Amino acid sequence: DAKTTQPPSMDCAEGRAANLPCNHSTISGNEYVYWYRQIHSQGPQYIIHGLKNNETNEMASLIITEDRKSSTLILPHATLRDTAVYYCIVRIRTQGGSEKLVFGKGTKLTVNP
Amino acid sequence: KAGVTQTPRYLIKTRGQQVTLSCSPISGHRSVSWYQQTPGQGLQFLFEYFSETQRNKGNFPGRFSGRQFSNSRSEMNVSTLELGDSALYLCASSGTSGGARNEQFFGPGTRLTVL
């Protein structure tokens, strides 16, 4: 089962910031928070990841609370092309060093003109 | 760098047949993972290969199998196809040997329809 909880859907006006929340209250100390998005019928696209500190890249910012039990993905100026399903994932490390992504249902973000 | 490529992109099969899907990872990536995506179950992990060895396996029946070649290319096979196997099959590659910070890059997927 996914270790994250996200709202099923959100709306955002074009040009405004989109703030997507994620709860991961059972996250372990060595687990990272990853965000992916999936535009309809395409493969998921990596956005950003973080452990403790806030992170920013050319696509988004990631804000992780101090207790690491929740995080927020911020798209600073949402465009219509940002309409997608956004997945918040906690990386699970298995024995032998292999890792898998456990996807929840994600948040369907709709950016409106 | 070229991304992850998957072939074929679309496939139609009938029940009872078998199918082989192919994935070429990003150059230099040694880990390849496979996922199944259906409307009902969402994205589910199938298995992961690293250096031609299966390192991790999801909760799928033995009809689902895979392999990885010395050039890191991977194939997955589904035998005795069932209607429920209709799905988007996604392949993802990553670059390190298991560090927690490596990202997985996904291909466009193969859309399999079983009639």
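The sequence lines fix the lettering, A, B, ..., with proteins before strands; numbering per chain opens at 1. Note that the structure is a prediction, hence the values are computed from the model and not measured.
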The interface call for B/Leu88 against chain A, heavy-atom contacts under 4.5 Å, is side chain
The interface call for B/Gln37 against chain A, heavy-atom contacts under 4.5 Å, is side chain
Salt-bridged, A/Arg91 to A/Glu31, with N to O below 4.0 Å? no
If you round to the nearest 0.5 Å, how far is OH of B/Tyr89 from CE of B/Met76? 5.5 Å
Is A/Gln38 close to chain B through its backbone or its side chain, or both, or neither, when contacts mean heavy atoms under 4.5 Å? side chain
Tell me whether B/Asn59 at atom CG has more than 12 heavy atoms from other residues, nucleotides or ligands lying less than 6.0 Å away. no
With B/Tyr49, which of B/Gln54, B/Gln68, B/Arg67, B/Arg55 fulfils side chain to side chain donor-acceptor pair (under 3.5 Å)? B/Gln54
Comparing B/Gly58, B/Gly109, B/Pro108 against chain A, the one with the most heavy-atom pairs below 4.5 Å turns out to be B/Pro108
Choice from A/Pro44, A/Gly106, A/Gly43 maximising heavy atom contacts with chain B below 4.5 Å: A/Pro44
Any Lys/Arg nitrogen of B/Asp85 or B/Arg63 sitting under 4.0 Å from an Asp/Glu carboxylate oxygen of the other? yes
